[in-house]
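Below you'll find the structure I mean.
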Amino acid sequence: MKTRDSGMPDETMWSSFFAPDVVLAKLGLTRECRDVVDLGCGYGTFTIAAARIVRGIVHALDIDPAMIATTMAKAQAAGLSNVAARQCDFVSDGTGLPDARVDYVMLFNLLHCEEPVPLLREARRVLGAGGRLGIMHWNHDAATPRGPELAIRPRPQQCRQWAEQAGFVLAGAEAHPGAEAHPGAEVVDLPPYHFGIVMRPR
């Protein structure tokens, strides 16, 4: 099941919104991480960047087979053998990964979905002890060039509250250097259009 307002722009426009290496560094992905899951990998923007960092496998999941094909083609072109891309309706059916399987979950631009807490619970299920959840979403600002309509676009505090309901707590400032505090949440500024939060299993 695709999430609300989930249409993707063309890849050139999409890529212009992010500096993947910077985002992942600010959200605490390091070489100490082994396996990672990228929920909603899209064009592989963050999958490929993560695969160059971590020691294990990056599980790239997306409901759209064209996105899976694009991500795998990029991994092959980059000579990366640690990307496992799979078509998967993880919103409705879960990831299919074993419990406590990964060290890091990327949950980027997805928490405007109809039921965010079950998705976060699935992220919690697949994370091992000491793992981290990186949340990124569009700023709650009508001036952003993309993003869900403001009525369903979550603010940082909402994302944090949903994650806490699913069994997470804030990872702490050490997990995301450069964090800028927003009221009520420890939030990473990801200019020009996004914010991030790093959580860990309770």
Side-chain angles (χ1 to χ4, degrees), residues 1-3 6 20 23-42 44-65 67-68 71-72 75 80-137 154 156 158-172 174-176 185-186 188 196-202:
M1 178 176 66
K2 288 193 174 184
T3 57
S6 59
V23 169
L24 294 176
K26 284 191 171 187
L27 294 182
L29 184 70
T30 71
R31 291 192 62 81
E32 300 306 309
C33 294
R34 289 190 59 83
D35 293 349
V36 173
V37 60
D38 184 1
L39 296 177
C41 65
T45 305
F46 293 95
T47 298
I48 301 303
R52 291 187 172 118
I53 296 169
V54 301
R55 297 177 293 153
I57 300 296
V58 180
H59 299 273
L61 307 182
D62 204 285
I63 196 171
D64 188 339
M67 298 292 97
I68 295 301
T71 298
M72 281 309 302
L80 295 168
S81 60
N82 62 333
V83 173
R86 175 166 53 89
Q87 184 183 3
C88 176
D89 185 357
F90 56 82
V91 173
S92 295
D93 303 331
T95 62
L97 294 170
D99 292 354
R101 178 66 177 83
V102 302
D103 295 326
Y104 196 98
V105 175
M106 292 188 275
L107 190 50
F108 296 170
N109 300 318
L110 285 176
L111 287 183
H112 59 284
C113 63
E114 288 86 345
E115 297 291 341
V117 175
L119 181 56
L120 285 156
R121 287 190 179 124
E122 176 67 1
R124 172 67 184 85
R125 183 186 68 78
V126 302
L127 268 175
R132 292 291 185 268
L133 166 68
I135 294 170
M136 180 176 70
H137 216 293
Q158 290 174 300
C159 293
R160 175 181 171 178
Q161 289 172 347
W162 291 330
E164 288 173 344
Q165 289 179 49
F168 289 95
V169 294
L170 284 169
E174 76 283 353
H176 41 77
E186 291 182 30
V188 183
I197 306 174
V198 182
M199 310 290 290
R200 62 176 174 82
R202 185 182 302 120

Next item on the list: Grab the two heavy atoms, one from Ala123 and one from Leu133, that are nearest each other, plus how far apart they are.
Entry: CB-CD1, 4.2 Å
Item checked: Straight-line distance of Leu107 CG to Cys113 SG, nearest 0.5 Å -> 7.5 Å
Note to self: I need the minimum non-hydrogen distance between Gly56 and Asn82, along with the two atoms involved.
What the structure shows: O-ND2, 3.1 Å
Check: Within a strict 4.5 Å, meaning less than it, do heavy atoms of the Met106 and Leu27 side chains meet?
Finding: no
Margin query: For Asp62 and Thr71: C-alpha separation, side-chain torsions, deciding distance, then whether side-chain contact (heavy atoms from CB on, under 4.5 Å) applies.
Written below: CA-CA 10 Å; Asp62 204 285; Thr71 298; over 6 Å; no
Notebook entry, point to check: Looking only at heavy atoms, which two atoms of Thr47 and Ala60 are closest? And how far apart?
Noted result: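 Answer, listing the atom of Thr47 first, then Ala60: OG1-CB, 3.6 Å.
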Notebook entry, point to check: Shortest non-hydrogen contact from Ala49 to Pro20?
Noted result: CB-CB, 3.7 Å
Notebook entry, point to check: What distance do Arg101 atom CZ and Leu127 atom CG have between them, rounded to the nearest 0.5 Å?
Noted result: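 Output value for this atom pair is 12.0 Å.
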Check: Out of curiosity, Tyr104 OH to Ile53 CD1, how far, rounded to the nearest 0.5 Å?
Finding: 9.5 Å
Note to self: Between Arg31 and Arg55 (side chain of the first, backbone of the second, donor and acceptor by atom type, cut-off under 3.5 Å), is there such a pair?
What the structure shows: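 Such a contact is absent between Arg31 side chain and Arg55 backbone.
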Next item on the list: Begin from the C-alpha positions of Leu110 and Phe90 and carry the test side-chain contact (heavy atoms from CB on, under 4.5 Å) through to its verdict.
Entry: CA-CA 11 Å; Leu110 285 176; Phe90 56 82; 3.9 Å; yes
Margin query: With rounding to the nearest 0.5 angstrom, report the CD1 to CG distance, Ile63 to Asp89.
Written below: 4.0 Å
Margin query: I want to check something: taking the side chain as every heavy atom from C-beta on, are Ile135 and Phe168 in contact at a cut-off of under 4.5 Å?
Written below: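 Ile135 does not reach Phe168 side chain to side chain.
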Checklist line | Closest non-hydrogen atom pair between Gln87 and Pro65, with its separation | finding: NE2-CD, 3.6 Å
Notebook entry, point to check: Should Asp103 and Arg132 be marked as a side-chain contact (heavy atoms from CB on, under 4.5 Å) after you check the CA-CA gap, both sets of side-chain angles, and the distance that decides it?
Noted result: CA-CA 6 Å; Asp103 295 326; Arg132 292 291 185 268; over 6 Å; no
Margin query: What verdict does the side-chain contact (heavy atoms from CB on, under 4.5 Å) test give for Val102 and Val36, after you've listed the backbone C-alpha separation in whole Å, the side-chain angles of each residue and the deciding distance to 0.1 Å?
Written below: CA-CA 5 Å; Val102 302; Val36 173; 5.8 Å; no
Notebook entry, point to check: Nearest 0.5 Å, what's the CZ-CG distance between Arg124 and Leu119?
Noted result: 14.5 Å
Check: Any donor-acceptor pair under 3.5 Å linking the side chain of Glu122 with the backbone of Thr95?
Finding: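 Yes.
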Item checked: Nearest heavy-atom neighbours spanning Arg86 and Ile68 -> O-CD1, 3.3 Å
Check: Within the distance-only criterion (no hydrogens, no angle test), does the side chain of Arg160 pair as donor or acceptor with the backbone N or O of Glu186 below 3.5 angstrom?
Finding: no
Notebook entry, point to check: Distance from Leu61 atom CG to Leu97 atom CG, nearest 0.5 Å?
Noted result: 6.0 Å
Check: Under 4.5 Å between any side-chain heavy atoms of Leu120 and Leu111, yes or no?
Finding: yes
